[in-house]
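Have a look at the structure below, then the notes.
Letters A, B, ... are given to chains in the order of the sequence lines, protein chains preceding strands, and every chain is numbered from 1. Everything numeric in this text was worked out from a predicted model, so none of it was measured.
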There are 2 protein chains.
Amino acid sequence: MAGEETRERLLDAAEILFADLGFDGVGLRQIAEQAGEAVSSITYHFTSRDGLIKAVIGRRFLPINDERLRLLRAAEYAADNNTPSLPATLDAFLRPPLMALDKHTAAILPILASSFTNMTQVAESHRGAFREMIEYFLPRIRKHCPQIDNIEFVWRLHFIIGMLVRCLQSMHKTGEDSPDSEQRDALVRQLTHSAQALLSAPHAEDAVPKLVEPIQEIILSILQESADA
Amino acid sequence: MAGEETRERLLDAAEILFADLGFDGVGLRQIAEQAGEAVSSITYHFTSRDGLIKAVIGRRFLPINDERLRLLRAAEYAADNNTPSLPATLDAFLRPPLMALDKHTAAILPILASSFTNMTQVAESHRGAFREMIEYFLPRIRKHCPQIDNIEFVWRLHFIIGMLVRCLQSMHKTGEDSPDSEQRDALVRQLTHSAQALLSAPHAEDAVPKLVEPIQEIILSILQESADA
DNA sequence: GTCTATATGTGGATAGAC
DNA sequence: GTCTATCCACATATAGAC
């Protein structure tokens, strides 16, 4: 099947170009040229430009989510009472996207990270896997910060996602070639440390602003379900 | 001068459309139509599309920075020893962009916020005002977290910027019309509270990853200068 | 499955009348 | 200063030969 190889070449080329120039910064001609294929082969394999983007994203999205779940389950297995510490839990969530970062995936990852509190991007195509992941993680993070209410918790999650996205973008610009894994590991620990401090901070006293985003409802309903169970 | 009015109309139209569709999502034709002007009037007033974008950004950038400086100076005037608390200092930095947020400026603000640790976007055109602002803020934030070294400090600044950007994007999507100022005020306090917790957290123990970004050098040199003085 | 050729639209920028 | 008309490059998508 030469078709499968062509498909992969197209995905590789698209991924690199998207990483450098953004999803809006590159056209099908350029992608096809980079891959050494004809423009129309893209339409053949992915039906449309949107189909190509979805495929590029999906190729990285599922492995990262799987790795997150794998790490968290491993941490639970190793911990007393099956309850790993907050840093260990956060590490399982934050490490996979940062470790997966290389010059190929740099453009994709910020989008994936954002998707945690913004379903619209990854959306439809991979909604199932995404929901499975957050349903597992949310209650396990939540129980480490009982001092705040659900709405404040959701805001702090937003903040952590912002921190993660920032790291991904920063690393993308930083390293021409992929940053060595020692540096990345150090960054994961810095990030985990800060995220832990943020979630451990006391209740803010002040009024908590309500969110009107759809994602808030989803997160709150997941928290509710797990509280009932 | 009817020219000045046209110029403003074009800026208004461009700002709204950019906010809704992103800088890459809208063309000159659409902007001109929205403004009720001819396409070529854009070229006349701003030379090019890039010139228009720069003008749109600049119109919001300077007032927000001025407001930041004004708030911090007011806080210093009111505080003992001219040294306001960390929350008060952070408030002066975080409040102006969040309060300036309305449906017009929503697309612009994340870019402005990012510019704090990424000069490339706002860049050349407004570099002077930007540098003045951070030169004033950096040492005054820095002295509230002596427990960490400069490099770890820079990373935590990155994190805070990520949190801010996240808020701006979230609020943009949230409110069809501009969120009421009570909600925004509550959000500012949540954000300030979390940022304070983050900067107050102890040293991470682990190795701190070095940054290779140009902005790191700039921040470090500013911190160095203020330490010498 | 993969190519060439092309259809059809839209992007930004410009020339020149008024 | 502002308009109409137009240029030219490039976008995505499709048709049809091989």
Side-chain angles (χ1 to χ4, degrees), chain A residues 1-59 107-108 111 120-125, chain B residues 1-60 104 106-108 111 120-126:
Chain A
M1 288 293 164
E4 201 52 41
E5 287 172 27
T6 301
R7 201 188 133 93
E8 286 299 313
R9 268 197 300 277
L10 288 170
L11 281 174
D12 288 339
E15 188 170 64
I16 293 171
L17 288 170
F18 284 148
D20 287 341
L21 305 168
F23 286 113
D24 292 321
V26 56
L28 296 187
R29 294 162 196 284
Q30 208 173 341
I31 294 169
E33 186 187 11
Q34 174 90 9
E37 303 288 339
V39 184
S40 54
S41 66
I42 295 176
T43 319
Y44 175 78
H45 284 287
F46 306 101
T47 5
S48 71
R49 189 177 198 274
D50 271 3
L52 172 63
I53 291 178
K54 265 189 195 165
V56 167
I57 292 176
R59 193 163 62 142
I108 320 301
I111 295 171
T120 57
Q121 294 267 19
V122 177
E124 309 103 52
S125 34
Chain B
M1 290 289 168
E4 202 52 41
E5 288 173 25
T6 302
R7 202 186 132 92
E8 286 299 313
R9 269 197 301 275
L10 288 170
L11 280 174
D12 290 339
E15 189 170 63
I16 292 172
L17 288 170
F18 285 148
D20 288 340
L21 305 168
F23 286 112
D24 292 321
V26 56
L28 296 186
R29 291 174 157 78
Q30 206 175 341
I31 294 169
E33 187 188 9
Q34 174 90 11
E37 302 289 339
V39 183
S40 54
S41 67
I42 295 176
T43 319
Y44 176 78
H45 284 286
F46 306 102
T47 359
S48 72
R49 189 177 199 273
D50 270 4
L52 173 63
I53 291 178
K54 264 189 195 166
V56 166
I57 291 176
R59 193 163 63 142
R60 304 299 173 191
H104 300 272
I108 321 300
I111 295 171
T120 59
Q121 295 267 18
V122 178
E124 311 103 53
S125 33
H126 313 102

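- Taken to the nearest 0.5 Å, the CD1 atom of A/Ile16 stands 11.0 Å off from the CG atom of A/Leu11.
- D/dT2 atom P lies 8 Å from atom CZ of B/Arg9, rounded to whole Å.
- Expressed to the nearest 0.5 Å, how far CG of B/Leu10 lies from CD of B/Glu5 amounts to 12.0 Å.
- In this view, A/Glu33 satisfies the salt bridge (Lys or Arg N to Asp or Glu O under 4.0 Å) rule with no residue, not counting sequence neighbours.
- In this structure, the CD1 atom of B/Ile31 is 14 Å from the C1' atom of C/dA13, given to the nearest Å.
- If you take CG of B/Asp24 and P of C/dG12, they are 10 Å apart, rounded to a whole angstrom.
- Position along DNA chain D of the nearest nucleotide to B/Arg7 versus B/Arg29 favours B/Arg7 as the more 5'-ward residue.
- Look at CG on A/Leu28: it is 15 Å from C1' on C/dG11, rounded to the nearest Å.
- Shown here are the side chain to side chain donor-acceptor pair (under 3.5 Å) partners of A/Glu8, two or more places apart in sequence or in another chain: A/Arg59.
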Pairwise N/O distances under 3.5 Å, protein to nucleotides 3-5 of chain D:
unit_1	atom_1	unit_2	atom_2	d
D/dC3	OP2	B/Glu37	OE1	3.2
D/dC3	OP2	B/Ala38	N	3.0
D/dC3	N4	B/Ser40	OG	2.9
D/dT4	O4	B/Ser40	OG	3.1

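- Summarising the geometry, the separation between CD1 on B/Ile42 and C1' on C/dG11 is reported as 12 Å, rounded to the nearest angstrom.
- Rounded to whole angstrom, the span from the CD1 atom of A/Ile53 across to the P atom of D/dA11 amounts to 14 Å.
- Annotation: salt bridge (Lys or Arg N to Asp or Glu O under 4.0 Å) contacts of A/Arg29 (sequence neighbours excluded): none.
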Donor-acceptor pairs under 3.5 angstrom involving side-chain atoms of residues 42-52 of chain A: please list them, not counting sequence neighbours.
unit_1	atom_1	unit_2	atom_2	d
A/Ser48	OG	A/Asp50	N	3.3
A/Ser48	OG	A/Gly51	N	3.2
A/Arg49	NH1	A/Phe23	O	3.4
A/Arg49	NH2	A/Phe23	O	2.9
A/Arg49	NH2	A/Val26	O	2.4

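- Atom CZ in B/Arg9 sits 15.0 Å away from atom CD1 in B/Ile31 (nearest 0.5 Å).
- Taking a 4.0 Å limit (strictly below) on heavy-atom distances, residues 44-52 of chain B reaches DNA chain D at B/Tyr44, B/His45.
- Contact annotation: the side chain of B/Gln30 never approaches that of B/Gln34 to less than 4.5 Å [non-hydrogen atoms, C-beta and beyond].
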